[in-house]
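Below is one structure, written out as structure tokens, with a few remarks after it.
No experiment lies behind these values; they were computed from the predicted model shown.
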Amino acid sequence: MYIGALNKFAKFSCHRRGMKESLPALPVNNMLQWSWQEAADVGIDITAEFDKPVFVEKINMNRAPGTPLKSVTLYNEKGDIAGKTIISGDSFEVSCGMTVNALIISLETDFFGVKVSVPEILGAVYERAIYPIPQTFDIKEGKGFAIDGDTVITGEDPFVSDFLAEEIERHTGIKPIDGQNGGIILKKKNMTPESYEFTVTDRTIEVCASDRLGFLYGITALFQLCCGGTIAPAYVSDSPYMKFRGFHGGLPSAENIGFYKDFIRYVLVPMRYNTIFIQPTSAVRYDRHPEINEAWLKECENFRAGKCETPAHYDMLAYGTVLCKEEVKDLIAYIRSFGLQVIPEIQSLGHVQYLTRAFPEIGETEQDEKATINLKNEDERAKERAADCYCPSNPKSYEYLFDVIDEIAEVFAPLTYIHMGHDEVYHIGVCPKCRDLSADELYLSDINKIHDYLAKKGITMMIWSDMIQESSGYATRTAADRIPKDIIMLDFIWYFHFDKDIEQNLIKHGLSVIMGNMYSSHYPRFETRRDSFIGAQTSTWIGISEYSFAREGKIFESMYAANMMWSKSYSGDFRRLYTNLISKLTEGIKADLHHEKRFIERVSSPITLPPASMGKTTAYLCSQIDASSALDGDAAIKANGIYDEIAFLHTADKNEKRVVWQDLVNIGEYRIIYEDGETQTIPVEYGGNIREYNKPYAAPMEGSYYRHQGYIATYFSSPAIQCRGIHGEDITIYRYLWKNPHPDKKIIEIRKTQNPGTDVKTILFGIDGYVK
């Protein structure tokens with residue numbers, strides 16, 4: 001797999017725009033030049049032909065000052081528009097994001113001479129891909145290794161061998177054999193931690209690593225090369241870029257523990273994560289202070305009865321329930337079985353409603369209900385009756401906190417680190433015991449007490465960094481140079497300061513920093529900042545369930561961010577390429593999360609749509625889309641068939657609002673009518689299984705307001721068609737696959753209806769029924 005400039009793979013030629021006759025270019029100081037007579041009023045085409053399909057991310061060009069170039073349009077070999085830009089400066093780029101065999105770069109002018117640089121074509125060449133992107137990836141000659149019933153696994157670690165056997169069965173349906181002289185050899189080798197390499201020939205596969213995670217990373221990478229039971233011949237060598245590659249969440253409810261285990265197994269391990277942060281707060285059973293759980297459950301009961309506001313982190317804390325210690329220990333043991341590190345986050349000083357709710361006497365203050373919050377520049381504050389901070393001058397605060405630390409340490413058995421929260425302390429130095437003391441001295445006193453308590457247990461402390469950032473408005477920011485230097489800081493308020501590299505304030509004080517809440521959709525200047533950090537972690541801040549993760553774009557986020565943390569070759573110049581690779585992996589991941597075998601074939605049967613309700617519309621015209629069949633209104637569609645699944649090819653005609661942390665907007669529905677009269681309603685949810693047509697798939701939502709939900713419509717739907725309209729605008733048609741709960745019943749009709757409460761229309765282009 002090659003990622004970079006594609007010029008060396010291209011054969012260039014030049015023509016008058018739209019004509020076949022060659023037009024020689026006159027190279028002048030690394031520029032291409034044509035006279036006004038040569039360009040005339042049609043312009044110039046620069047054609048790049050490739051001997052195999054390539055993915056073109058974009059082109060970069062320069063024009064000589066004074067060259068009156070109007071626009072540049074890209075076309076593929078079929079004549080479809082692949083990108084377009086109106087020229088405003090002397091340096092410009094044209095986004096593409098398509099796979100082509102040839103790229104025509106069309107320069108529009110009007111009786112003026114043309115002088116431009118040789119276009120730099122950026123993209124990728126690959127027949128097979130591995131994601132996250134490995135350091136070394138060479139496809140070799142040969143047919144590849146064919147897995148069959150005689151395939152033997154040889155390895156020293158039974159866990160790794162079993163993991164490999166499961167991968168083989170999931171992808172091929174074949175159960176391999178354990179043996180001494182296997183075709184697949186798992187070989188221990190002296191390598192850096194978490195690194196791997198493998199070699200695939202027609203006869204053998206050898207996977208090498210020095211530790212369990214390295215083997216698991218290598219095995220999951222290996223099976224990205226599997227097609228039809230054969231693994232492509234290749235040599236791959238890889239190692240991690242960042243030391244910490246973390247995923248932050250709360251605790252699942254009991255019914256979602258299975259999903260979370262599967263998410264870790266089928267998403268986070270293959271995506272090369274090595275650290276799981278878990279915030280248990282009040283959602284784990286406490287023996288020393290059961291009042292914590294009792295107060296939490298009472299608050300949640302009142303919330304569900306409509307008697308109070310939503311408790312802080314209600315969803316992410318087991319959806320308002322409490323797990324017993326054995327359930328949490330089992331989850332942690334499962335995570336650690338892969339070699340992953342588990343770090344508990346215990347809220348301290350701030351966000352301590354779990355303590356002040358049970359023990360109000362330690363509260364620093366009641367909530368300031370008059371606080372005005374700008375959600376673009378601050379996180380929303382919890383609207384609870386309990387104080388959000390404990391009093392750092394009250395010994396009882398530490399009696400309760402240290403008891404919590406002891407119990408969490410007993411449950412989690414942390415090997416190295418405990419994350420102590422310590423962020424967004426809105427009220428400090430305001431109670432009678434504290435008001436005569438400076439905020440930074442109170443902060444330092446608290447942090448040193450906790451630090452020393454953890455140090456006696458051999459535990460290193462982590463905290464969020466906002467309270468000591470110079471760019472924050474907290475009075476405690478002057479304490480930055482006096483906190484213990486071994487405390488690891490997680491910086492998350494970068495998204496309130498897009499124009500500043502605020503981590504440098506921490507580093508200059510001798511502190512080690514992890515990118516906290518490192519959302520790939522919004523993180524600015526990642527490539528120039530990443531070497532300053534010892535790692536990064538992406539966060540959820542929502543309930544752990546498939547629907548919640550998908551609704552908020554967290555599954556796509558975890559996959560995109562993984563490449564940033566793992567691969568030093570990551571470049572934001574190739575966002576569309578990475579998105580394309582992720583979209584190809586997502587369908588398999590959905591199958592894994594639903595425990596479906598990947599090798600099951602599906603037979604497609606198109607369901608005929610009635611005559612179009614919207615007629616031809618130029619917004620959707622391209623060679624891949626028949627706009628004359630589009631339905632934009634209510635319709636009744638005859639089906640008359642038995643289907644396991646139904647795929648809807650649709651898009652929205654405009655965008656609907658997306659309110660962060662809130663439910664998705666229903667813009668319509670499909671109603672399935674069975675022969676026996678039963679019906680099933682399928683909601684069309686904007687940002688879930690549909691998005692507006694004129695956005696690229698997974699294009700990040702703009703603005704810091706959407707920092708926590710940067711990606712919409714990236715899991716429930718996949719990009720069926722990605723192309724350009726006649727004006728060069730992006731067009732995405734989504735494929736939403738619905739699983740029929742009654743696959744043995746005949747479906748006689750599918751009704752499409754719009755939600756009258758919104759102006760957004762669902763444009764339906766086709767329906768396919770699938771039988772396994």
Side-chain angles (χ1 to χ4, degrees), residues 242-244 246 248 275 277-279 341-352 355 364 389-395 397-406 408-409 412-426 428-429 434 437-472 474-494 501-517 532-537:
M242 287 188 170
K243 176 182 177 181
F244 288 95
H248 181 284
T275 303
F277 292 87
I278 297 179
Q279 181 182 314
Q341 177 176 217
V342 181
I343 299 177
E345 180 184 352
I346 303 172
Q347 298 285 13
S348 63
L349 194 57
H351 292 301
V352 293
L355 291 176
E364 176 71 0
C389 313
Y390 56 65
C391 172
S393 299
N394 188 339
S397 298
Y398 299 99
E399 178 182 324
Y400 297 132
L401 177 63
F402 291 168
D403 282 348
V404 167
I405 291 174
D406 288 347
I408 292 298
F412 280 77
L415 302 177
T416 310
Y417 305 98
I418 289 181
H419 187 336
M420 291 303 302
H422 228 259
D423 63 315
E424 298 179 328
V425 183
Y426 301 122
I428 189 169
C434 297
L437 302 173
S438 67
D440 58 351
E441 291 302 330
L442 289 167
Y443 178 85
L444 284 167
S445 172
D446 177 80
I447 218 168
N448 283 321
K449 288 175 185 176
I450 299 171
H451 172 269
D452 293 347
Y453 191 77
L454 293 178
K456 291 176 183 177
K457 296 176 177 290
I459 298 296
T460 298
M461 184 176 175
M462 292 180 167
I463 59 171
W464 301 112
S465 68
D466 56 317
M467 299 300 297
I468 58 170
Q469 280 285 16
E470 290 179 351
S471 53
S472 73
Y474 297 111
T476 56
R477 61 187 182 276
T478 57
D481 61 343
R482 289 178 284 166
I483 69 171
K485 302 306 180 188
D486 62 339
I487 296 178
I488 295 177
M489 312 303 294
L490 286 89
D491 174 67
F492 75 89
I493 61 169
W494 58 266
D501 296 351
I502 63 171
E503 67 279 357
Q504 295 304 322
N505 174 53
L506 306 172
I507 292 168
K508 75 182 183 183
H509 290 296
L511 297 164
S512 297
V513 187
I514 291 174
M515 294 182 190
N517 294 352
S532 298
F533 297 87
I534 61 171
Q537 52 91 246

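- The structure places CD1 of Ile447 at 5.0 Å from CD1 of Ile483, a figure rounded to the nearest 0.5 Å.
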>> Let's go through Asn517 and Gln537 carefully: what are the C-alpha distance in whole Å and the side-chain angles of both, what is the deciding distance for side chain to side chain contact (heavy atoms under 4.5 Å, CB included) to 0.1 Å, and is it a yes or a no?
In response: CA-CA 6 Å; Asn517 294 352; Gln537 52 91 246; 3.8 Å; yes

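- No side-chain heavy atom of Pro344 sits under 4.5 Å from any side-chain heavy atom of Ile278.
- The CG atom of Leu355 sits 11.0 Å away from the CG atom of Leu349 when rounded to the nearest 0.5 Å.
- When all heavy atoms of Ile534 and Ser512 are compared, the closest pair comes out as CD1-CB, 4.0 Å.
- Across all non-hydrogen atoms, the minimal contact from His451 to Pro484 is NE2-CB, 3.6 Å.
- When side chains are defined from C-beta on, Met489 counts as touching Ile468, because their heavy atoms get closer than 4.5 Å.
- Here the closest non-hydrogen pair linking Ser532 and Gln504 is OG-NE2, 3.0 Å.
- A salt bridge links Asp406 to Lys457: at least one charged side-chain nitrogen sits closer than 4.0 Å to a carboxylate oxygen.
- The two atoms that bring Ala480 and Leu511 nearest to each other are O-CD1, 4.2 Å, heavy atoms only.
- The distance from atom CD of Glu424 to atom NE2 of His351, rounded to the nearest 0.5 Å, is 3.5 Å.
- Around the NZ atom of Lys485, the shell of radius 6.0 Å holds more than 12 heavy atoms that belong to other residues, nucleotides or ligands.
- In this structure, Gly429 and Leu442 approach most closely via the heavy-atom pair CA-CD1, 3.5 Å.
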> Which is it for Leu401 and Met420 under the side chain to side chain contact (heavy atoms under 4.5 Å, CB included) test, yes or no, and what are the steps along the way?
Replying inline: CA-CA 10 Å; Leu401 177 63; Met420 291 303 302; 4.3 Å; yes

>> Under the criterion side chain to side chain contact (heavy atoms under 4.5 Å, CB included), I'd like the reasoning laid out for Asp466 against Tyr474: C-alpha separation, chi angles, the key distance, then a yes or no.
In response: CA-CA 8 Å; Asp466 56 317; Tyr474 297 111; 3.6 Å; yes

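- Note that CD1 of Ile459 is 7.5 Å distant from CG of Leu415, once rounded to the nearest 0.5 Å.
- The only member of Ile487, Ile450, Thr476 that meets side-chain contact (heavy atoms from CB on, under 4.5 Å) when paired with His422 is Ile450.
- Distance CD1/Ile493 to CG/Asp491: 6.0 Å, rounded to 0.5 Å.
- Here the side chain of Gln469 pairs a donor or acceptor atom with the backbone of Ile502 at under 3.5 angstrom.
- Using a 30° and 60° split on the angle between ring planes, Tyr453 and Phe402 fall in the parallel class, below 30°.
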>> Go through it in stages, so that I can follow the logic: the residues are Glu364 and Val425, the test is side chain to side chain contact (heavy atoms under 4.5 Å, CB included), and I'd like the CA-CA distance, side-chain angles, deciding distance and then a yes or no.
In response: CA-CA 10 Å; Glu364 176 71 0; Val425 183; over 6 Å; no

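- Partners of Asp440 under the side-chain hydrogen bond (donor to acceptor under 3.5 Å, both in side chains) rule, at least two apart in sequence or in another chain, are Ser438, Thr478, Arg482.
- At least one side-chain heavy atom of Tyr390 sits under 4.5 Å from a side-chain heavy atom of Asp446.
- A donor-acceptor pair under 3.5 Å links the side-chain atoms of Trp494 to the main chain of Gly516, judged by distance alone.
- When every heavy atom of Pro414 is checked against every heavy atom of Ala409, the shortest pair comes out as CD-O, 3.5 Å.
- Atom NE2 in His509 sits 11.5 Å away from atom OG in Ser465 (nearest 0.5 Å).
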